[in-house]
Amino acid sequence: MNFFSLCFQSSDYEPSLPVTEKSNPLTRDIDRASPSGIVGMLEACDAQMFQRETGTNYQRLFDDQVVTTLTEVAKRVELILKDPQDSLVVLSGCGTSGRLAFFIASRFNEALKQLNRTLVYSYIIAGGDRALLSSQEAPEDDPELGMLSLQKVCEGKKRVLFIGVSCGLSAPFVAGQLDFCLQHPEVYTPVLLGFNPTHQARDEPIPGCTFTFRSVAQRLQELAQRRKAFLINPAVGPEAISGSSRMKGGSATKIVLEVVLSAAHAAAFSHTPVANDGILQHMREYERAVEMTYQHREGIAALVEAAGRSLQNEGGVCYLGWGPMAFLGLMDASECNPTFGAGERKKRWRGFIRGGYKDLNNNEGPLSSLGPDFCIAHEDFLHQVLPSLTDRDTVLLIYTQSDDLHEVVNLGRKVREKTSNIHAVHHRTDSVEALQQVTFLSFGLNKLCIFDTFWQWELSTKLVLNAVSTGAHILKGKIYRNHMIDLQVTNSKLYRRAARLLQVHKTVAHMILEYTYINQDTLTINRDNNWDKHGPCSVQVVPLALVSLLTGCSLKQVESRLEQRQILRDALEELIP
Ligand code: F6P
């Protein structure tokens, strides 16, 4: 194992930061890497999820204690599956964690429907269903909202297994829900899933609350000894882009929840008792899926390059997906603006799902009335995007052998008439597809064909899409070393993250950040911690503040200088002495 891969575990490596916020030593130079180099670094980072080193302070995914906890949680789910009357399994989270809660709850409810069983899964996402498709970060700060939405979903239930996901052990929304569960042990059994040790959970006071995330996690830890609560918090290593928990955090969330829920389903419906060995074996299969995905390094790098070129030429990227894979496209697209595009006036990265909201099957139903960004069906793509599509744009088809290939070919042809920049991620389990290959080659499609097994398709797709969107934004210059420098500052966690980047003169940094964020003309301090009121702003707050701090130039001067330069990373290097 590479030295850099392990050194984040040393107690003097960025000691003030939790693992999920540390910068990864493996990706320090990712902003200067080639597309293939970028994919190679992402591969090394993802491999950290499965490291088995012992003797450090950190629990890892394959540790006995973690596997035993997964087994115990699976047994609780099994009990509910066998006797679903008045019972519920609730998955909840914010941002990507909430999107995965939705996705996994839907997938496992679908499995129950096929067996003619009572549906037992529900999801909650901070900000409601619109957050499935766009960033809604302010509600993440609201513990009461979390508690009320849990209460609403569980009305009338007598037994609830609540699984709250917060990769950074940090979201007040989830802390409020866990606190509520702890106060009502007769109904609720709380499970916390995240990727920091408890002592690194966020300890910042939450306005109006007597608890912090850390104090809630500590209470859970105590109860966990008596199996009245469960804590699943292995370290999976720092993110490739510091703090970008949509990547490894999201992948590890998906792996853990799927391993637990499928073990429970196998025990309840196929007479396969839940056991540590089965859990371990399933996790090893995910490890293999990650390895197999990155065997296509050059193919993924070609997609990164194409999407990067589109962004550099002010074009856009569209994912056109079929089946469950399509939601992974919607999810990846929804994460781009908050992570990389604070200054963007137009949404450049969009996802579409074949039948729109009918296929999505979300609680709140169609949301198209919220605006064009919420129009997600292929029909919408044909009307809104196709007419103005050019070679500057990239289109990526995402499908598997289970989808209607005639439909894929038809849509592909329409796109091909407008742009030659069309690619595909296609999963299949066998190699008999000569006919299809010929059909696609006839319209010149650049196809990344991943040969894997059915259940690996989703994780593999997530990894490829994360690589494409992250890599393309790196090529566009939106990353400095391995830090997001153009992030939206829309809640308290992101505010702290931005302030950390501006550590030079802390007080001035806070003032400038608040000044640029809230109002460009008047200096107003956000003392009420109310991020909702202010909403996202179109200014590149962090780079603006950084350059102004380091050069002493006025904000207006810096803003016009930044505007003159296309590549943010280069602009920073040029402007900062
Ligand atoms: O605040 C935004 C965000 O960082 C998203 O990028 C992320 O998916 C979400 O918060 C949830 O974070 P966590 O799982 O750590 O609570």
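When a ligand or atom number is given, it counts from 1 through the structure's own listing order. All values below were derived from every heavy atom in this structure, side-chain atoms included, with hydrogens, water molecules and symmetry-related copies excluded.
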Discussion item. Strictly less than 4.0 Å: does any protein heavy-atom distance to atom 14 (O) of ligand 1 fall in that range?
Written reply: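 Yes, there is a protein heavy atom closer to it than 4.0 Å.
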Looking at ligand 1, does any of its N/O atoms fall within less than 3.5 Å of an N/O of [X]?
X	value
Arg246	no
Val165	no
Lys493	yes
Gly168	yes

Got the closest protein heavy atom to [atom], with its distance?
atom	result
atom 7 (C) of ligand 1	Ser245 OG, 3.8 Å
atom 16 (O) of ligand 1	Ser166 OG, 2.7 Å
atom 11 (C) of ligand 1	Cys94 O, 3.1 Å
atom 8 (O) of ligand 1	Thr96 N, 2.9 Å

Worksheet entry | Side-chain donor/acceptor of Ser469 to backbone N/O of Asp332, under 3.5 Å |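 The answer is no, because no donor-acceptor pair under 3.5 Å joins these two groups.
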Worksheet entry | Expected output: side-chain Lys228 to main-chain Pro185 donor-acceptor under 3.5 Å |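 Looks like no, no N/O pair under 3.5 Å.
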Worksheet item: What part of Glu140 sits under 4.0 Å from ligand 1 if we count only heavy atoms: the side chain, the backbone, both or neither?
Response: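 Just the side chain.
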Item to complete: Record the part of Ser170 in heavy-atom contact with ligand 1 below 4.0 Å; permitted values are side chain, backbone, both and neither.
Response: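 It is the side chain that gets close, since no backbone atom is under 4.0 Å.
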Discussion item. Using a strict threshold of under 4.0 Å (side-chain N to carboxylate O), is an ion pair present between Glu258 and Arg107?
Written reply: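 Answer for the salt bridge query: no.
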Item to complete: Give a yes or no on whether a salt bridge exists between Glu335 and Arg246, defined as a side-chain N under 4.0 angstrom from a carboxylate O.
Response: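 Salt bridge flag = yes for Arg246 with Glu335.
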Discussion item. Can you name the atoms of ligand 1, numbered from 1 with element, that are less than 4.0 Å from a heavy atom of Ala171?
Written reply: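 With Ala171 as reference, the close atoms of ligand 1 come out as 16 (O).
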Worksheet item: For His184, what residues pass the ring-ring contact (aromatic ring centres under 6.0 Å, His included) criterion, not counting sequence neighbours?
Response: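 For His184, the residues satisfying ring-ring contact (aromatic ring centres under 6.0 Å, His included) (neighbours in sequence not counted) are Phe180.
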Discussion item. Within this structure, what is the CD1-CD distance for the pair Ile206 and Glu144, rounded to the nearest 0.5 Å?
Written reply: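 Those atoms lie 12.5 Å apart.
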Worksheet entry | Gap separating the CZ atom of Phe195 from the OH atom of Tyr58, nearest 0.5 angstrom |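 Separation between the atoms: 15.0 Å.
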Item to complete: May I ask you to establish whether Arg52 and Phe62 are in a cation-pi arrangement, using a distance under 6.0 Å from NZ or CZ to the six-membered ring centre and at most 45° from the ring axis?
Response: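 Ring-cation test returns yes.
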